[in-house]
Protein chains: 2
Amino acid sequence: MRILLVEDDHRVSAAMMTMLQRRGYEVEHAATAAAALAAAPCDLVLLDLNLPDGDGVDVCRSLRSRSEQLGIIAVTARGEERDRVVGLRTGADDYVVKPFSMAELHARIEALLRRTVRQAPQCELIEVAPIRINLGTRAVEVNGACVTLTRKEFDILVSLARQPGAAVSYERILLDVWQTTWSGRHTLEVHIASLRAKLGVPNLVQTVRGVGYRLQTG
Amino acid sequence: MRILLVEDDHRVSAAMMTMLQRRGYEVEHAATAAAALAAAPCDLVLLDLNLPDGDGVDVCRSLRSRSEQLGIIAVTARGEERDRVVGLRTGADDYVVKPFSMAELHARIEALLRRTVRQAPQCELIEVAPIRINLGTRAVEVNGACVTLTRKEFDILVSLARQPGAAVSYERILLDVWQTTWSGRHTLEVHIASLRAKLGVPNLVQTVRGVGYRLQTG
DNA sequence: GGGCTGCGTTATCGTTTCGTGACCATATGA
DNA sequence: TCATATGGTCACGAAACGATAACGCAGCCC
């Protein structure tokens with residue numbers, strides 16, 4: 001298991017690294033936001049939100065946008081609730097406040113790894129009926145013709161295409177695309193409309209009344 | 001998104017339920033360990049570890065063994081680190097200590113939901129006599145012919161089909177479909193009527209006088 | 001600055017679905 | 001067999017739902 005530790009205080013980071021390594025993790029250390037974003041891929045990030053060269057929250061956002069399945073645990077000295085909520089909303093999976101015990105941190109790391117690692121590695125290409133989605137390049141083809149989608153449209157399509165034929169609930173799509181169920185359904189409906197228009201195939205994106213939408217298979 | 005709230009203190013649970021419902025979640029409440037294990041399937045469990053009739057930790061273990069993908073957030077008054085570690089190690093995905101703010105709880109719920117339901121679509125298939133119910137696509141076939149059901153009709157059918165041949169009480173169905181037993185019983189009867197009409201098979205949905213309904217098995 | 005594009009919100013409209021009350025049917029039990 | 005309670009059916013108004021168009025705002029690139 002590979003962990004990236006992002007922490008600018010070298011005394012703290014040194015202590016944490018030895019603790020983590022003693023427990024069998026491979027640990028890479030980054031002291032700045034830039035270093036964090038440049039680090040090698042890993043399974044989990046321990047991210048201090050107080051960084052010298054940039055806000056940790058931005059790092060969090062960047063990391064999350066890069067990979068959905070990366071586990072992120074925010075670590076910070078500020079214990080105020082507002083910070084915690086912001087941290088979680090930004091894409092962190094968990095939040096630990098200093099000072100914390102190594103036992104608890106370890107438990108949280110394992111609880112999170114249990115979730116993240118088990119996930120099937122994303123295949124780069126999703127094919128559903130007449131659509132072909134390249135997750136890497138974010139390119140979409142319909143019946144062989146390339147279609148340009150905006151970010152939201154693409155994310156919505158992927159959210160649907162991950163479970164072809166299944167009814168995907170509003171909440172699920174909102175979580176996948178906006179990371180929260182809070183923002184309006186209306187917005188989603190509007191994007192669905194433009195997605196349908198761009199795909200051009202009638203009945204491909206079907207509505208499931210009272211539930212959400214479904215991508216018609218074959 | 002369906003949440004099961006396991007909490008024995010009724011003042012606390014009432015407050016939490018309204019808060020959760022206000023944020024758009026479907027909530028079922030269980031006050032005991034037994035009730036928790038008997039409740040309908042859900043996406044996430046808020047589990048008080050201090051229960052009267054059995055240790056919450058056991059409930060946690062049982063729920064986890066039943067489903068790997070179920071999200072479990074342990075909620076408890078004991079704030080000692082040892083408890084937290086035990087909770088997480090038992091299978092909980094997250095741990096919140098009372099008193100907590102609703103904003104933080106909500107943030108943690110969303111952070112966890114973002115992970116849980118996404119990957120393994122419950123592509124479960126229920127087959128009872130001439131009916132085939134696909135929970136993922138919410139499609140229903142009767143004798144091979146596709147039937148279109150409304151949300152309520154479908155939910156009622158699933159509630160019955162989960163225990164084929166067994167008499168399912170009014171209360172159980174109302175909880176499954178409306179998340180409350182608060183009257184509405186007449187409404188259920190009406191929906192049963194239209195469900196029967198759509199299924200078209202006589203005697204498939206049987207009345208159990210004074211109790212509820214039963215789905216006739218092959 | 002001025003156009004463009006992506007995005008979120010609001011307003012509006014047609015449709016489906018739901019819940020309710022009135023009335024009918026059937027079972028139950030004396 | 002009849003009275004009563006329990007469940008079934010019908011019909012209608014209210015509410016929810018979803019599609020679409022239009023607007024405003026922000027960021028971006030000349």
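Only this structure's heavy atoms are used, side chains among them; waters, hydrogens and symmetry mates stay out. First the proteins, then the strands, lettered A, B, ... as listed; each starts at 1.
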In whole angstroms, the gap separating C1' of D/dG18 from CD1 of A/Ile192 amounts to 11 Å

Check: B/His106 ring centroid to B/Phe100 ring centroid under 6.0 Å: no

For the side chain of A/Arg196 and the backbone of A/Gly200, is there at least one donor-acceptor N/O pair under 3.5 Å apart? no

Rounded to whole Å, please give me the gap between CD in A/Glu189 and C1' in C/dC7. 15 Å

Can you build the contact string for nucleotides 19-30 of chain C? Use B for base contact, S for sugar-phosphate-only contact, and - for no protein heavy atom under 4.0 Å. SBBB---BS---

Under 4.0 Å between a Lys/Arg side-chain N and an Asp/Glu carboxylate O for B/Arg108 and B/Glu104? yes

Worked check of side-chain hydrogen bond (donor to acceptor under 3.5 Å, both in side chains) between B/Arg138 and B/Thr148: CA-CA 9 Å; B/Arg138 298 178 69 91; B/Thr148 324; over 6 Å; no

Here the ring pair (Phe, Tyr, Trp, His ring centres under 6.0 Å) pairs for residues 197-218 of chain B, sequence neighbours left out, are B/Tyr170-B/Tyr213

Ring pair (Phe, Tyr, Trp, His ring centres under 6.0 Å) against B/Phe154, all qualifying residues, sequence neighbours excluded: none

Within residues 194-207 of chain B: residues closer than 4.0 Å to DNA chain D (heavy atoms): B/Arg196, B/Thr207

So, B/Glu110 and A/Arg172, do they make that salt bridge, N to O below 4.0 Å? no

Mind checking whether A/His29 and A/His10 have parallel, tilted or perpendicular rings, split at 30° and 60°? perpendicular

So, are B/Asp93 and B/Arg115 salt-bridged, with charged N and O less than 4.0 Å apart? no

CZ of A/Arg185 versus C1' of C/dT10: gap in Å, rounded? 16 Å

Residues of residues 153-176 of chain B with a heavy atom under 4.0 Å from any atom of DNA chain C, listed by number, are none

Salt bridge B/Arg162-B/Glu124, side-chain N to carboxylate O under 4.0 Å: no

A/Tyr213 side chain N/O closer than 4.0 Å to the phosphate oxygens (OP1, OP2) of D/dA19? yes

Rounded interatomic separation in angstrom, taking CG from B/Leu188 and P from D/dT6: 16 Å

Residues 198-218 of chain A vs salt bridge (Lys or Arg N to Asp or Glu O under 4.0 Å), sequence neighbours excluded, gives A/Glu153-A/Lys198

